[in-house]
Structure formats: C-alpha cells, structure tokens
Amino acid sequence: MPDIIFVSKVDFWLAMLLWGLSLFTVSVPLWQWKRGAHKSLIQTILMTVILIPFAALMLIPFFGTEYTLTNEQLQVDSGFSIQKIEITDITYITPTRSMSSAPALSLDRIKISYQDEEILISPKDKSRFYREIRARNPRIVIDTAGE
C-alpha cells in the first residue's frame, strides 16, 4: 500500500488564538515606539527581532503537523519532532475531545493506544484514517461510538 499523508484538522478558534498571539507579540514593540513609549528606534528593532522567534514558534505547528501512514508505521510530525509508532504496536483507537497537549490543531481528536502509551492526533479525514490503518493492521480495535 502507498504511504498516505493526513493533514491535521484545524479549529478556527485555535488558529485565531495562535495567529493573534503571534501578531500581538511582534507588534507590541512597534506600537509602543510609535506612540513614544520607547525613545529609541534601535531598542524597538532589537525587541522586535528578539520576539520574532517566539512568534514563529507559536506558528510552526500550522506548517508541519501531519500524520504519515506507511505499511509499517504511523509517523506523527508536529513541526517540532517526528514520532514513529509501529502499526503492529497499536491496539486501540477511540475519539476524544481531550485538551491535553498533543500534536493536533483541533479538539476533534483520536486517541491512539500503543505499548502502554497514548498519543492524540486530529486527522482532517478521520473515516479514511480509520479505514487505512485497519487495512494495515486488522487487529486494531477502533471504537467510533463517541463520534
């Protein structure tokens, strides 16, 4: 079977929050300089340059959160790291709305249990994800009752 890439579903409110915080972080020093709170343009530029990486860190998940399903593994790429889970190790999949930190940009999530561990992901096309992962390992128990 070919590798399949599933993009993360994105909640509008989460996107607005992260993009808003990023813009706010970068624009505050400029706004303060414009209204005269900072006397030095150099100080404002320095603050902006220092804050840009923090703003970028908040936005990295939007440009790198995806889930690649190969014949042997589920690769979870969150923009910061890649986690590889063997398909044969996955035992149980169930929907969840957990707010725990996860490589997911939506609260419409899937909890994947494997080797006494769990990971939360949010593929945009959950029904296709269920079909494709079951085709690779029919022993996985998939509970879709909560959807």
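Scope of the values below: all heavy atoms of this structure, side chains included, with no hydrogens, waters or symmetry mates. Numbers for residues simply follow the sequence, beginning at 1.
- Separating the NZ atom in Lys9 from the OG1 atom in Thr65 is a distance of 15.0 Å, to the nearest 0.5 Å.
- A side-chain N or O of Ser100 and one of Ser98 form a donor-acceptor pair less than 3.5 Å apart.
- The closest side-chain donor-acceptor pair between Ser113 and Thr91, if any, does not fall under 3.5 angstrom.
- Here the side chains of Glu86 and Glu72 are in contact, with some heavy-atom distance below 4.5 Å.
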* Asked: Arg128 and Phe6: side chain to side chain contact (heavy atoms under 4.5 Å, CB included), yes or no, with the steps?
  -> CA-CA 9 Å; Arg128 182 172 182 215; Phe6 294 89; 3.9 Å; yes

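- For the atom pair CD1 (Ile121) and OG (Ser106), the distance works out to 11.5 Å, reported to the nearest 0.5 Å.
- Linking ILVMFWY residues whenever their side-chain heavy atoms come closer than 4.5 Å, directly or via other members, places Phe63 and Val10 in the same cluster.
- To the nearest 0.5 Å, atoms CD1 (Ile112) and CD1 (Ile119) are separated by 7.0 Å.
- Between Leu69 and Ile87, the closest side-chain pair of non-hydrogen atoms falls below 4.5 Å.
- Leu120 contributes atom CG, which lies 12.0 Å from atom CE of Met99 (distance to the nearest 0.5 angstrom).
- Defined by atom type and a distance below 3.5 Å, a donor-acceptor pair is present between the side-chain atoms of Gln75 and Gln73.
- A single hydrophobic cluster is not seen to contain both Phe12 and Leu21; linkage of ILVMFWY side chains at heavy-atom distances under 4.5 Å, directly or through other members, places them apart.
- The shortest side-chain heavy-atom distance between Arg134 and Ile142 falls under the 4.5 Å cut-off.
- Under the 4.5 Å side-chain criterion, counting only non-hydrogen atoms from C-beta, Thr68 is not in contact with Leu74.
- When hydrophobic clusters are built by joining Ile, Leu, Val, Met, Phe, Trp and Tyr residues whose side-chain heavy atoms come closer than 4.5 Å, directly or via intermediates, Met16 is not grouped with Leu105.
- Under the 4.0 Å criterion applied to side-chain N and carboxylate O atoms, Lys126 and Asp108 are assigned as salt-bridge partners.
- The shortest distance between side-chain heavy atoms of Ile133 and Ile140 falls below 4.5 Å.
- The side-chain heavy atoms of Tyr130 and Ile110, taken from C-beta on, include a pair separated by under 4.5 Å.
- Within the model, atoms CZ of Arg136 and CD1 of Ile90 stand 11.0 Å from one another, a figure rounded to the nearest 0.5 Å.
- Annotation: side chain of Ile93 is not in contact with side chain of Lys111 (no heavy-atom distance under 4.5 Å).
- Criterion: ILVMFWY side-chain heavy atoms under 4.5 Å apart, direct or through other members. Under it, Leu14 and Trp19 are part of a common hydrophobic cluster.
- Within the model, atoms CG of Asn71 and CD1 of Ile4 stand 9.0 Å from one another, a figure rounded to the nearest 0.5 Å.
- Around atom CG of Asp3, more than 12 heavy atoms belonging to other residues, nucleotides or ligands sit under 6.0 Å away.
- Asn137 contributes a side-chain N or O that, together with a main-chain N or O of Arg139, makes up a donor-acceptor pair within less than 3.5 Å.
- At most 12 heavy atoms of other shown residues, nucleotides or ligands fall within 6.0 angstrom of atom CZ in Phe24.
- Ala55 and Ser22 make their closest contact through O-OG, 3.2 Å (heavy atoms, listed as atom of the first residue, atom of the second, distance).
- The shortest side-chain heavy-atom distance between Ser78 and Tyr67 does not fall under the 4.5 Å cut-off.
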